[in-house]
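Encoded as structure tokens, the structure appears first; notes follow it.
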Amino acid sequence: MFKRLRGIFSNDLSIDLGTANTLIYVRGQGIVLNEPSVVAIRHESAGGQRSVAAVGAEAKLMIGRTPGNIKAIRPLKDGVIADFTVTEKMLQHFIRKVHENKFFRPSPRVLVCVPCGSTQVERRAIKESAAGAGARDVYLIEEPMAAAIGAGMPVAEASGSMVLDIGGGTTEVAVISLNGIVYSASVRIGGDRFDEAIISYVRRNYGSLIGESTAEMIKQKIGSAYPGNEIREIEVRGRNLAEGVPRTFTLNSNEILEALQEPLSGIVGAVKTALEQTPPELGADIAERGMVLTGGGALLRDLDRLLSEETGLPVIVAEDPLTCVARGGGRALEMIDEHSGDVFALE
Amino acid sequence: MTDEEQAVAADEAETPAPPPRAVGARLREAREKLGLSREEVALELHLSATQIAHLEQDEFERFAAPIFVSGYLRQYARLLGIPGDPLVQAFQARGLEPPSLQAELTATAARPRRITINVENWAPFLVAAGALILLLAWLFGGSDTEESPGEAATALGSPGALDAPVPDSLRMQTEAAAVLVPPETPAATASSVPDPVSEPRSGSPPAGASPDPPLPAAVATAPAPAAVAPAPSDTTHRLRLRFSADSWVEISDGTGRRLMFDLGRAGQERELTGEAPFSILLGYAPGVEIEYNGEPYDVSRHTRGKVARFELGEP
């Protein structure tokens, strides 16, 4: 009863704690926060006193542009916590931001999505980090499950649903039936690897160095996964390695396609392995309906076509793929509320 | 598709009567214009010809979930080279619900509820409840709160002066000793106004024995030696310490009040009063002589090493 009393003053949250972006879904309000998972840390002195200079979008602007005493870091790597204390600070900041204008210190119930490949240690780290950030109860859910729910797939039916969630750090592929995960695999390829591939391609072929943000911008503007009819171009500025001065050059979509071949083939391989491992009955369901793409990676142009050609299955991009996991987590939280147990949640 | 057509599509989406046919029909028209058969389209989209037929006949309920339909519509439209968004909007206007979540797959699958009690979660409520009880006690406390000796003493001790200054001056004297008493004293005082003398239940002995109003409070704050002089009651005892060497001393009385917490210097003499039993710790026992109510007390049997730790006196 007291728990409920206390719950009046804070909202239940579903957090998609991603490598690239953190999204928070509030029950009854939808997605209220979508910010990069970046924290800028200021080192006060040589003594090692650290303080948070900026979090989220502000901090992301600082990446690669910081003076010596500020460091913009991404506390999550490959979907799991790489820096525990910074993650906690970041979560604290976000939870407080969501609970603006609240007199009481927020202590919401929180559902956090974890990659299905994460270990017990990593899950515990995420749980403790959320608890340390002020959460009253912490539930965990596997990301592909949340993604499938968020995309609107019939997860409760006795039929196979395949979901491919391409995040910033990891790509998760899972086959779901009867509210449970039948098969899941996680490969550490995601949007970040796409960016890295672009950076190294530009260095190799243009002898120029570009930053992460520029690479991401190139990927979003002209990146594609399948050769299309129209060729798009973009003008990019980078430091020429031979001359050591910034130079402007032009990239086109075919070059980026070439650059992305390696990470893309990793994803295709993961999908093919998943299909091989899927029990035949579920495989038949998937062949009939197709698989669903979620996550930021699904926004890469023609990725669905590439996967469709490679697997011979229909491939569908979910509506608003970036927010699928957070929305699905929100719906799972409602279920937990109604049914008092953790229906989808782990532990 | 031009803007006009899009506008038409939007209109169709709003008026429910014509649109159901529109989505599929438009796809079929576009397909026939390109001279493609259903089978060819099905091959391209990796769907079956029946599924294509369902799409073209607007039989969307045959698919597992709306997400699949909108996905197929988009791909079909892309294949035919027409914009997919208006088609999807028209389809979504039909308002098909996404599949509902079911917690229990079978009727018997209900899980037991786990009960956990977290002290941290309860603490604020306990504090709030405590504050509420204190408030109620202050409001309704009145005549039946004499259990506390401090209150009884106040009630008796200030027969003439009922106004605020008295409790205030008391408060100053009792500061450390009794934090909770002051707020309650006015009520107690007020309630006992009518017959201050005929209040025979004033059960607390120290109050009964001493005619001087501020005295009980002064006794309570002990260190002042002057307060000892007038008639020590049956629970108040005297303790005299004589130091022949420096020794750390910790003494608290039967009520848990700390009487001495200090380093006694060689040659010093200290006199303490309080309620028995005293709990005593002497850091260097050989250097301290103790008199209890005027009689010397041998600490050597409590001494272990140089330190003595013992209780003295009967409650």
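Chain letters run A, B, ... following the sequence lines, proteins first and then strands; every chain starts at 1.
- Both the backbone and the side chain of B/Ile67 come within contact range of chain A, with heavy atoms under 4.5 Å apart.
- Screening residues 63-77 of chain B for salt bridge (charged side-chain N to carboxylate O under 4.0 Å, His left out) gives A/Glu319-B/Arg74, B/Arg74-B/Asp85 as the qualifying pairs, with residues at least two apart or on separate chains.
- Separating the CG atom in B/Leu47 from the CZ atom in A/Arg289 is a distance of 13.0 Å, to the nearest 0.5 Å.
- More than 12 non-hydrogen atoms from other residues, nucleotides or ligands lie less than 6.0 angstrom from CD of A/Gln29.
- Scanning all heavy atoms of the two residues, the minimum distance from B/Gln51 to A/Glu288 falls at NE2-O, 3.0 Å.
- The most heavy-atom pairs under 4.5 Å with chain B, out of A/Pro314, A/Gly152, A/Gly290, A/Ala158, come from A/Pro314.
- Counting heavy atoms from C-beta on, the side chains of B/His46 and A/Val315 never come closer than 4.5 Å.
- One distance of note links CD1 of A/Ile316 with OH of B/Tyr72; it measures 4.5 Å at 0.5 Å rounding.
- Contacts with chain A were tallied for B/Pro66, B/Ala65, B/Ala64, B/Ser48; B/Ala64 has the most, counting heavy-atom pairs under 4.5 Å.
- In this structure, chain B has no heavy atom under 4.5 Å from any part of A/Asp285.
- Summarising the local packing, CD of B/Glu250 is surrounded by more than 12 heavy atoms from other residues, nucleotides or ligands at distances under 6.0 Å.
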